[in-house]
Amino acid sequence: MTDELASTVTDAIEAIRSASSLEALRQAETAALGKRSPLAALSRQLGSMPAEQRKDSGARLQEARSRVSAELDRRRAELEIAERSRRHEAERMDLTEVIGESSRGHVHLLSQTRDELEDVFVGMGYRVAEGPEVETDWYNFEALNMPPAHPARGMWDTLYVRWGEPESTVMRTHTSPVQIRVMEAQSPPIYIVAPGRVYRRDTPDARHLATFHQIEGLVIDRGITFGDLAGTIETFTGSYFGPGIHSRLRPSYFPFTEPSAEFEVTCAICKGDGCRTCSDTGWVELGGCGMVHPNVLRAVGIDPEQWSGFAFGFGIDRCAQVRHEIADMRVFLDNDIRLLSQF
Amino acid sequence: MRVPLSWLRDFAPIEVPPEEVAATLDRLGLVVEAIDRVGQGLEGVVVARVSEISSIPGADRIRRVVVDAGDADPVEVVCGAWNFNEGDVVALATVGTVLPGAPGPITRRKMKGAVSNGMLCSGAELGLSEDHAGILVLPSGLELGARFTDAMGITADVVFDLDITPNRPDAMSIVGVARDLAAALRVPFDRAGPALDESGPDATSVATIRLEAGELCPRFAARVMTDVVVSDAPDVVARRLTLAGMRPINSVVDASNYVMLELGQPSHPYDLDRLPGGGLLVRPARPAEILVTLDGVERRLGDGPHPDCLICDLEGNPVGIAGVMGGASSEISESTTRVLLEVAYFDPMAVARTSKRLGLRTEASARFERGCDPEALELAAARVCALTAAAGARVSAGAIVEGGVPPRRRIRVRPARVNRLLGTSLAPPAVTEYLEPLGFTIQAEEPDAVEVEVPSWRPDVSEEIDLVEEVARHHGYSRIERTVPLTPQVGSLTTYQRERRRLREVMAGAGLTEVWTPSMLPEGDHALVGLDPAHLEIENPLSRDETVLRRTMLPGILRALRYNAGHRNVGLRVFEVGHVFPPPAPGQRLPDERELLSAALWADGDDAAAAVRLWRTVADALRLDSPALVASTSAGLHPARCAQARVAGEPVGHVGEVDPSVVAAFGVEGRVGWLELDLGLLADAPRHPGSAQPVSVYPSSDIDLAFAVDEGVPAATVEATLRDAAGELLSGLWLFDVYRDATVVGEGRRSLAWRLRFVALDRTLTDDEVAEIRRRCIEAVESNHPAALRG
């Protein structure tokens with residue numbers, strides 16, 4: 001029996017090893033371990049053996065079955081892996097031949113810029129206020145300490161709307177009217193920014209459009225100082241433009257603030273070393289600011305002895321231009337998708 | 001305002017380098033836009049005469065030029081300019097010269113076989129003008145080989161180009177800039193000029209002044225000069241005028257202009273012999289008075305809502321528009337021998353109005369409308385006379401002065417208030433120390449305040465805050481410690497603002513790109529999209545393309561599509577968020593501006609259906625409660641493919657397709673789906689409550705129902721009936737098939753198939769329960785609508 005068992009096992013293992021598919025393996029399994037297999041036949045002979053021989057033969061038989069089973073498991077695992085990879089291979093795709101581009105659209109660069117600027121100030125504790133784009137002379141000029149025929153009105157080329165008394169209705173030339181609307185609607189303390197679209201009667205050039213966007217800030221509280229203004233501008237500058245970009249104020253004139261200042265920020269191109277963009281000064285002009293003029297506070301019934309505040313304003317478009325190196329702002333007039341989809 | 005450093009030094013000993021002067025001016029708010037270094041770097045430039053010009057073989061842009069620069073040997077140069085001939089006198093920059101603004105020295109070069117031993121210079125290369133077009137051709141008769149600057153009388157100088165803000169009329173003058181600068185540099189300042197030789201007859205015996213203008217001209221001074229020789233102004237006057245950007249004309253006019261620049265006080269010289277009556281009358285213009293001004297233009301006065309002030313001869317004929325421009329009839333000419341000089345203080349507002357209405361802005365009007373110094377008339381008059389006399393004239397004794405000097409303003413300034421507003425801690429004397437060098441004088445000292453008198457040249461200073469600014473300017477903005485206020489509130493966006501941002505993101509996610517189209521449209525656009533022409537108009541549009549305020553974004557967006565189509569960017573989906581301006585009702589002060597979201601779907605296959613899907617996306621993103629569409633019409637939209645979008649029964653906008661004829665009218669091809677939502681209405685629309693709806697763990701049951709429904713019955717109404725009939729166990733309802741075939745469904749009907757999903761929170765539904773609901777649904781639809789269940 002020993003020789004017979006050994007050759008049976010050898011044959012079975014040979015058949016298992018040569019099975020080239022899971023189906024062939026199943027047949028090899030039936031042939032090796034099934035009811036009609038030589039091993040099954042040998043098992044059946046055990047019963048007719050003497051007891052001591054039976055014990056010995058039984059053990060050997062069991063060992064032979066184990067060897068065959070182990071070989072079966074090993075081969076099955078091999079074939080399963082092969083089968084899986086065959087299936088995978090049959091489904092192979094060249095993922096670089098897929099047709100179709102990103103189907104996502106794009107929020108306008110200037111909207112993104114506006115959102116980001118708003119977020120900086122929201123982070124500093126401000127709320128966001130808005131107002132109409134068609135304004136009365138009162139909100140756009142008079143309440144801002146510019147009585148009729150005030151020479152400073154010439155600082156803005158105004159588009160007038162044919163409505164009401166002549167020159168009484170305007171396309172707002174700045175976002176400052178929102179200051180007045182907020183102060184009329186709300187008592188101090190006030191911490192707001194007011195972004196929005198403004199209009200000038202101006203021929204567009206590389207750096208200016210006739211319709212553009214500003215963001216205005218207004219703070220009214222007890223004990224607000226010029227130092228608070230300068231510190232706020234500096235905090236904003238670092239937060240929006242990043243570390244290494246600083247601000248400086250220099251005296252200027254706006255009828256609705258006093259003291260007034262222009263604020264400049266470190267030229268982002270040369271980091272302050274001087275280059276063509278900043279005319280070798282190391283600084284680029286960003287906007288105007290100042291302490292809210294007492295006449296403006298009086299115009300809305302706020303006592304300038306009790307409250308003080310500052311206001312600032314600058315171009316959203318200008319920020320985008322500086323940050324994204326847009327050579328000519330007029331590209332935005334066309335709404336060319338090749339430009340809009342870059343951002 | 002162009003300010004030569006040498007001129008500033010007439011009034012203050014400014015010895016710091018020009019860079020420091022510029023930085024100081026900047027710190028004071030007298031912003032330096034440019035620094036021109038005139039006549040510097042020209043040491044190697046000599047006078048030369050062109051003796052020969054010849055072409056260079058193989059070169060058609062440059063020529064070989066031989067010049068005589070005074071030496072024995074001629075100099076050969078290569079030149080690309082063509083504006084000169086043999087015999088012309090030119091400026092030769094010799095080898096080694098570094099011209100102003102040039103990157104390096106001029107070297108000996110070989111070009112196309114010719115040798116260039118220097119360069120013939122243009123005005124721009126010499127830093128003398130903006131002229132790049134050709135080389136500078138000099139007057140003949142200059143000594144050849146002489147240093148160019150010597151021959152031309154050019155003195156090295158630095159000119160600061162200043163941007164003066166409108167509140168600082170005092171700084172529109174050399175003395176004003178010098179005063180501010182001297183204070184900042186802590187050097188003395190003195191504007192007094194040399195004494196005047198008044199050897200002529202008494203002015204009042206020669207000329208008469210009548211002031212009848214009331215408020216328009218509070219003060220008027222005149223001087224008379226006889227034996228006037230109208231010639232060229234003295235060199236220093238002509239040179240400084242040129243540096244300041246004005247053209248020298250003659251000794252009389254130049255003296256007047258020079259003093260305007262120097263003291264900020266305009267004046268006007270008249271030929272006294274061309275003034276009938278021998279004097280001047282100042283009066284308001286009568287309606288429709290005509291005057292030909294110095295520039296030869298006929299001006300009509302006295303027609304505005306406010307009076308214009310005229311200068312007239314004593315017969316009443318206008319000879320000048322006060323503060324704006326003189327008339328042609330009494331202009332100084334070469335034959336003038338007697339001059340009447342007008343130096344006046346006009347009402348700033350009156351000059352501003354007249355100048356604006358006439359569209360005529362001059363150096364004089366720019367100064368008068370900001371406010372001149374009413375006390376400086378005599379000083380300015382004497383200065384003009386002294387300069388005129390230097391070129392030849394006898395000055396009559398005395399000035400004729402009409403009108404009085406307005407009192408100087410007095411202001412209380414509280415040092416504590418200054419510190420409270422600036423965030424500084426200046427001692428009270430430090431505050432006044434900043435003010436005094438500017439001409440403010442202390443009148444009285446109180447325990448907590450100082451009363452100061454405002455100098456007559458500072459019309460901008462009228463209250464305490466103006467002094468706070470002066471202190472801040474001279475203390476230095478950069479020296480004020482920076483602090484950040486602690487906000488008493490949490491920063492946030494409003495719900496409206498947050499939702500607007502979300503809408504933009506939803507649009508972008510749905511494949512739409514944001515555009516920003518103009519708020520102002522050409523006149524005919526509203527009619528093109530079927531809106532009546534009731535719109536707000538721009539009174540003074542810059543172009544015909546932007547004359548009315550938009551009531552819809554449709555024209556702007558269609559134009560954006562067409563622009564892109566023109567660049568082969570087709571198949572776009574775009575949106576815009578912006579304001580539209582419906583015309584106000586009579587009596588309404590401002591239009592009821594609306595903020596809209598408009599979306600145009602123009603990708604392949606897009607139509608009204610795509611717009612409906614976008615609307616559903618919006619409704620889902622904003623969690624709108626019971627969004628619905630109801631067939632409707634809207635201007636510019638396809639009348640048979642348009643629905644009003646509603647939330648809980650209230651309109652929020654329109655969905656549909658742009659009318660193909662409108663699409664075509666804007667030159668766009670194909671169908672354009674359209675969604676327009678009013679963000680204000682949307683903000684008020686009810687939303688799903690924030691509370692979570694439980695999700696069942698039990699299996700759900702689906703039933704499909706297909707009905708043949710009459711055309712004309714909206715699917716939405718059948719769906720509403722189904723939803724009602726289905727009851728609370730309904731967890732989903734989808735229209736999944738629409739089918740039209742008269743032979744199958746019947747004439748005038750279409751098949752609409754819905755899937756309804758039912759589930760209970762607490763059990764598995766039985767077949768009987770579902771069958772009962774199914775029966776109810778069918779019955780409800782068939783009894784409420786012209787519809788029948790399909791087998």
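Worth knowing before you read on, the calculation uses all heavy atoms, side chains too, and leaves out hydrogens, waters and symmetry mates. Numbers restart at 1 for each chain; the letters A, B, ... are given by sequence-line order, proteins then strands.
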With a 4.5 angstrom heavy-atom cut-off, is it the side chain or the backbone of B:Pro591 that approaches chain A, or both, or neither? side chain
Which region of A:Ala210, side chain (C-beta onward) or backbone (N, CA, C, O), has a non-hydrogen atom less than 4.5 Å from a non-hydrogen atom of chain B, or is it both or neither? neither
Which bit of A:Pro147 comes within less than 4.5 Å of chain B, counting heavy atoms only: side chain, backbone, both or neither? neither
Could you walk me through whether A:Thr169 and B:Arg589 pass the side chain to side chain donor-acceptor pair (under 3.5 Å) check? CA-CA 9 Å; A:Thr169 310; B:Arg589 189 60 199 86; 3.2 Å; yes
Under 4.5 Å to a heavy atom of chain A? For B:Leu486 that would be backbone
With a 4.5 angstrom heavy-atom cut-off, could you sort out which part of A:Phe121 is near chain B: side chain, backbone, both or neither? neither
OG of A:Ser252 to CG of B:Asn167, rounded to nearest 0.5 Å, is 8.0 Å
Count the heavy-atom pairs under 4.5 Å between each of A:Ala129, A:Ser341, A:Ser260 and chain B, then report the option with the highest count. A:Ser260
Among side-chain atoms of A:Ser111 and B:Arg504, is any donor-acceptor pair under 3.5 angstrom? yes
Counting N and O atoms only, with roles assigned by atom type, does the side chain of B:Glu481 sit under 3.5 Å from a partner on the main chain of A:Gly227, one being a donor and the other an acceptor? no
Check whether A:Thr136 gets within reach of chain B through its side chain, its backbone, both or neither, counting any heavy atom under 4.5 Å. both
Go through the steps for A:Glu305 and B:Arg417 under the test side chain to side chain contact (heavy atoms under 4.5 Å, CB included), then give the verdict. CA-CA 9 Å; A:Glu305 292 291 323; B:Arg417 172 96 174 137; 3.9 Å; yes
By salt bridge (Lys or Arg N to Asp or Glu O under 4.0 Å) - contacts of A:Asp336 (at least two apart): A:Arg338
For A:Ser168, is it the side chain, the backbone, both, or neither that has a heavy atom closer than 4.5 Å to a heavy atom of chain B? both
Which atoms of B:Glu470 are under 4.5 Å from chain A, going by heavy atoms: the side chain, the backbone, both sets, or neither? neither
Side chains of A:Thr225 and B:Arg420: any donor to acceptor distance under 3.5 Å? no
Using distance alone, with no hydrogens and no angle criterion, decide if A:Tyr126 and B:Thr487 have a side-chain donor and acceptor under 3.5 Å apart. no
Please evaluate residues A:Arg250 and B:Ser478 with respect to the criterion side chain to side chain contact (heavy atoms under 4.5 Å, CB included), reporting the C-alpha separation (whole Å), side-chain torsions for both, the decisive distance (0.1 Å), and the verdict. CA-CA 8 Å; A:Arg250 68 179 181 195; B:Ser478 62; over 6 Å; no
Would a distance-only check, ignoring hydrogens and angles, find a side-chain to backbone donor-acceptor pair under 3.5 Å from B:Glu593 to A:Glu133? yes
Spacing of OG1 belonging to B:Thr513 relative to NE2 belonging to A:His106, to within rounding of 0.5 Å: 5.0 Å
Do we see a donor-acceptor contact under 3.5 Å between the side chains of A:Thr232 and B:Arg482? no
Is a donor on one side and an acceptor on the other found under 3.5 Å between the side chain of B:Thr483 and the backbone of A:Asp228? yes
Would you check if the side chain of A:Asn335 reaches a backbone N or O of B:Trp516 as a donor-acceptor pair within less than 3.5 Å? yes
Bottom line for B:Pro584: the part with an atom under 4.5 Å from chain A's heavy atoms is both
When the 4.5 angstrom heavy-atom criterion is applied to B:Ser543 and chain A, the contacting part is neither
Report which part of A:Asp202 has an atom under 4.5 Å of a heavy atom belonging to chain B: side chain, backbone, both, or neither. backbone
Lys/Arg N to Asp/Glu carboxylate O, A:Asp115 vs B:Arg500, below 4.0 Å: no
Do B:Gln489 and A:Tyr191 have side chains that approach each other closer than 4.5 Å (heavy atoms only, starting at C-beta)? yes
Is the number of heavy atoms from other residues, nucleotides or ligands under 6.0 Å of A:Asp303 CG greater than 12? yes
Any chance you could measure B:Asn564, atom CG, to A:Asp334, atom CG, to the nearest 0.5 Å? 8.5 Å
Would you find a donor on one side and an acceptor on the other, under 3.5 Å apart, between the side chain of A:Trp163 and the backbone of B:Pro583? no
Is it the side chain or the backbone of B:Arg353 that comes within 4.5 Å of chain A heavy atoms, both, or neither? side chain
Is chain B contacted by the side chain of A:Pro294, its backbone, both, or neither, given a heavy-atom distance below 4.5 Å? side chain
With a 4.5 Å cut-off on heavy-atom pairs, point out which of B:Val515, B:Thr424, B:Asn419, B:Leu536 contacts chain A the most. B:Val515
May I ask you to decide if A:Tyr160's main-chain N or O and B:Glu539's side chain share a donor-acceptor pair within less than 3.5 Å? no
Looking at CZ of A:Arg162 and CD of B:Glu537, how far apart are the two atoms once the value is rounded to the nearest 0.5 Å? 5.0 Å
Measuring from B:Ser519:OG to A:Leu159:CG, what's the distance to the nearest 0.5 Å? 10.5 Å
Chain B heavy atoms under 4.5 Å from A:Leu110: which part of the residue, side chain, backbone, both or neither? both
Could you tell me if B:Gln497 and A:Glu118 have a donor-acceptor pair between their side chains, going purely by distance under 3.5 Å? no
Heavy-atom pairs under 4.5 Å with chain B, option from A:Arg197, A:Met171, A:Glu135, A:Glu262 with the top count: A:Arg197
Kindly say whether A:Thr158 contributes a backbone atom to a donor-acceptor pair with the side chain of B:Asn540 at under 3.5 angstrom? yes
Among B:Ile480, B:Leu421, B:Asp466, B:Val468, the one residue meeting side chain to side chain contact (heavy atoms under 4.5 Å, CB included) with A:Pro259: B:Val468
Rounded distance [0.5 Å steps], CD1 in B:Ile538 versus OH in A:Tyr199: 9.0 Å
So that I can tick it off, tell me whether B:Glu505 and A:Arg104 are bridged by a salt bridge, with the cut-off set at under 4.0 angstrom between side-chain N and carboxylate O. yes
